[in-house]
Number of protein chains: 2
Amino acid sequence: MELSERKKKILKSVIDSYIRTGEPVGSKLLTGTADLQVSSATIRNEMSELERMGFLEQPHASAGRVPTAEGYRTYVNGLMEQYLLSLEELKVLNEVFNYKVSEIERLMESASHAISEMTNYTSFSVIRPSGRNAQRFETLYIDEHSFLLIMICTDGSIRNRHVKVRMSVDPEMLKTVADALNATMSGVCSEDVTLQSVLEFEELLGTHSGIAATVLRVIYDMLNSTDSEKVHIDGVTKLLSYPEFSDVEKAKDAIALFEDRRDFAQKIMSRSNDEKGLTVHFGEADLPDAGIVLQPIIINGKTVGAIGVMGPKRMNYKKVIASLQYFVDNVGKQFEGEIKNEQEHGKKPE
Amino acid sequence: MELSERKKKILKSVIDSYIRTGEPVGSKLLTGTADLQVSSATIRNEMSELERMGFLEQPHASAGRVPTAEGYRTYVNGLMEQYLLSLEELKVLNEVFNYKVSEIERLMESASHAISEMTNYTSFSVIRPSGRNAQRFETLYIDEHSFLLIMICTDGSIRNRHVKVRMSVDPEMLKTVADALNATMSGVCSEDVTLQSVLEFEELLGTHSGIAATVLRVIYDMLNSTDSEKVHIDGVTKLLSYPEFSDVEKAKDAIALFEDRRDFAQKIMSRSNDEKGLTVHFGEADLPDAGIVLQPIIINGKTVGAIGVMGPKRMNYKKVIASLQYFVDNVGKQFEGEIKNEQEHGKKPE
DNA sequence: TTTAGCACTTGCTCTCTACGAGTGCTAATA
DNA sequence: TATTAGCACTCGTAGAGAGCAAGTGCTAAA
C-alpha cells in the first residue's frame, strides 16, 4: 500500500503540526500549509483515508487527527526532512568533545546533558558493564595498616579496593599476598571460588595467613559488586512540562521508568545490543504517550553502551535524531582506535 | 506560651489525624478520639486558640484545621509518641546490615532503599567527597601498552586511572614515572600545578619524557574530577502518590530537587554539616508541601554524609525518624573504629 | 475529482444550584 | 466559670444544563 505523493504531504504536515502544537490537527488548518492547493474538504477525504490505512486516528469523533505509531514510523523513516543543527547547537555539542574527558562515561554524560538541554526532553546514557572474571591481582602498599588491592579483569577492566586491616603490613608481605592470589584465584568469577582454592590460598600465605579472611572477603565483594551498568539521566522534569504527562498518573509511569536505574539500563541495553544504528520506539513499555530514540555506541565493533532521548511521542524527532547522530559520529572519531591519537591528547594541562 | 495539657492533646490528635488522612481536621472528628471527653464546641474553641497561637491554620473558612510548620515542629519535638519498629520492619532494616557490604556507600544505598520501601516516601543518601590533594603517586604495570596510575590523596582516599599509551611501557620505566611524579607533584591540588613543576617533571623523566604529556593530562583529570558527592535516591515516584503532589507543577518542583544530583548533595550537606543529630525541615526550599528528615552520618567524629527522607509535610514522622535513627545507631556500631572488627568481618565468603 | 454547504457529534467552559462540612457566636446549663 | 447545644453563616465541591467552537462526514453541485 503505497502512499500517493499528496497523502505523504498531508501526513507529513499533520505530524509536523502535531509535533509543534500538541493539538489534534484539523483539515482546515492544513489548507494554508505548504504547497497543498486544495480545499479543506479534499484534505478531509484524504485524512479519512489515511485514518483507514492506519496512519492517523481521532481522539474523538469531532476532533482533528493525531498520528498513530505507524504514522510516526513512516514519518521518521522518510517523510521528515533532515534537521540541520544550528551553529548554536553545534557549539554546545562540540563543547562536549572539546573539554576532553578521557573516559567515555563522562563524555556520554556531558553529551546527554547537552542534548537534554538542546532538545528539552529527557536524555540518558548507559554504559554496559564489562565482564568480571579476575585475571590478575596486584597489591600496593599504602601505609602500615592499609593497602590497595587491585583486580585486573579478563576484559581489561580494572577494579580495586582500599583495604584497611588492623595488623601491620609491609610491601613484601603484600607481594606474597598478590602472588598467592594469582596462584589460586586467577581466572575466577564469583561462582568459581571453591573451598579448595580458598584453602590453597591460605596455605600459600604461610605466616601471613591472618590476613586471608579479610582479603578473601574483599575479593568476593569485588567479584560480586555487580559492576552494574552506569546510567546517567538528565532532564527528567522536562518531561513533565508536556501536556502528555500533565496527569500525575502518566507522569508517574514515565518517571518510574528511570526509577530503578539498573532495570532501566537492562531494558535499554537489550534494545541496543542487536542494533547497529539508531532506532526509534513509539509508545512502548507501558508508556503509550512517550517516544524513545536510542543510539547504540559502538567502539571497535563492540557495543559499549547507548545514549538516547525520551520525550512525548510527538517529540521533535528531526532534531533529536540529528543531535544523537552528530554525537555518535564524533564519538566514533574520537574513540575508534583510541591509542592512535595519543599525540592529540597530549596537550598540556592549562 | 506554654500549651495546656488539653491543647497539647488536641494538637497532637489533629496532626495524627491529618497525617493519616491528609484531610483538614474538624472539631467533630476529634470528639470520638482518645481521651478527649469534651464536646465539639469546646474543641472548636481550643482549636481556634491554637490557630491564634500559630500552630494550626485553616485552608479556607469552612474547612477543618491543618497544622502549620510551627505545629509540626512542636509535634515532632515532643508531642508524638515514639514509634516502635515492627518485627517485619526490623527484619528489613537488619538485612541491610547482614549483607555485609564493606563500603559505607553501598550500605547507605541499601538502607535508603529499605527505608523508602518501608515508609513509602522518597529516601536518599549522600556521601561527602573527600579532599583532593595528591599526596603520593604509584604506577602499576598492566600490559605493554597500559598501566594503572594511582593517586593517594592527603585524606587517605585513593583515585586511579587506567592509562593507555601507544608507546610500550615496562615496570621499570613506570617506576621512573612514579618517582618523578612524587618528586614534583606531591601535595598539589589542581590549582597548584605550575609550569615549573611540569617542566621539572619532564626533565626527571629523561628518555621517557614522551609519556609526560599523557600522564600529566590524566593527573590533571584526576585532580579535577570533582570527586563529587555520591548521591543515591530511591522512590521518587512514591512522592507522586500523595495528593500534595498531584498537581504536575508541584510534582515538578519536588522532583526538580533531585534532578541535579550535585546541587542536591550540596544542599543536603550544607544542612548536615553543623548538625550532630537528626533534623526535620518543614516546607523549605520552594517546596511548601514537603518535609525533609535529615540524619547526618558521623563516623569517628567526621561527618561523612547524610541519609534522609523526603515526603509530604504531613508525613509519618514517627516512623521515618525511628527508621533513620535505627539505621544510624547501627551504622555507628559497625563503622566506629572500623579496624577493630576485622575478625568479625573475616567470615568466609559462602 | 474537487469543492461548497450543512447537519451532526463531541468536548469544553460557564453558570447555577444544592449539598455538606465546618465554623463562630450566643444563650443556656452544670 | 467552663462547657455545651443550637443555629446561622461561609465556602468548596459536585452535578446539571446551556451555549459554543472545532471538526467531521455526507451530499450535491461544479
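Throughout, a chain's letter reflects where its sequence line sits, starting with A, and its residues are numbered from 1.
- For B/E81, the CD atom is densely surrounded, since the number of other residues' heavy atoms within 6.0 Å is greater than 12.
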Produce the list of close N/O pairs, under 3.5 Å, pairing protein atoms with atoms of nucleotides 21-23 of chain D; give distances to one decimal.
unit_1: D/dG23; atom_1: O4'; unit_2: A/S62; atom_2: O; d: 3.1
unit_1: D/dG23; atom_1: O3'; unit_2: A/A63; atom_2: O; d: 3.4

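- Put simply, B/T42 has no side-chain N or O that comes within less than 4.0 Å of OP1 or OP2 on D/dT3.
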Which atom pairs link the protein and nucleotides 27-30 of chain C when you take only N or O atoms and keep those under 3.5 Å?
none

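- Separating the NZ atom of A/K7 from the C1' atom of C/dT2 is a distance of 14 Å, rounded to the nearest angstrom.
- With the end axes of the helix from C/dT1-D/dA30 to C/dA30-D/dT1 each set by five pairs, the angle from one to the other reads 20° at 10° resolution.
- In this entry the distance linking CD1 of B/I43 with P of C/dG24 reads 13 Å, nearest Å.
- Atom CG of A/N77 has more than 12 neighbouring heavy atoms from other residues, nucleotides or ligands inside a 6.0 Å radius.
- Atom CZ of A/R52 is separated from atom P of D/dG25 by 12 Å (rounded to the nearest Å).
- The separation between B/E49 atom CD and C/dG24 atom P is 12 Å, rounded to whole Å.
- Rounded to whole Å, atom C1' of D/dA28 lies 14 Å from atom CG of A/N45.
- Counting heavy-atom neighbours within 6.0 Å of B/K28 NZ, excluding the residue itself, gives a total of 12 or less.
- If you check D/dT4, C/dT23, C/dA4 against the side chain of B/S39, the one that comes closest is D/dT4.
- When the ring-ring contact (aromatic ring centres under 6.0 Å, His included) test is applied to B/F258, the partners found at least two apart in sequence or on another chain are B/F264.
- The side chain of B/R6 contributes an N or O atom lying less than 4.0 Å from OP1 or OP2 of D/dT3.
- The shortest side-chain heavy-atom distance between B/R314 and B/R20 does not fall under the 4.5 Å cut-off.
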Going through the checks in order, is the side chain to side chain donor-acceptor pair (under 3.5 Å) test met by A/E109 and A/S125? CA-CA 6 Å; A/E109 280 181 22; A/S125 71; 5.8 Å; no
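- The ring-ring contact (aromatic ring centres under 6.0 Å, His included) test applied to A/Y242 returns A/Y121, not counting sequence neighbours.
- Between the CG atom of B/L30 and the P atom of C/dG22 there is a distance of 10 Å, given to the nearest Å.
- When the P atom of C/dA21 is taken as reference, atom NE2 of B/H60 falls 13 Å away, rounded to whole Å.
- For B/E46 and C/dT23, the CD to P distance is 13 Å, given to the nearest whole Å.
- Judged as a side chain to side chain donor-acceptor pair (under 3.5 Å), the pairs with a partner in residues 315-324 of chain B (not counting sequence neighbours) are, in order, B/E89-B/K319.
- Within 6.0 Å of CD in B/E88 there are 12 or fewer heavy atoms belonging to other residues, nucleotides or ligands.
- Under a cut-off of 6.0 angstrom, the local environment of NZ in A/K250 is sparse, with at most 12 non-hydrogen atoms contributed by other residues, nucleotides or ligands.
- Under a 3.5 Å cut-off, the side chain of B/T74 and the backbone N or O of B/E70 do form a donor-acceptor pair.
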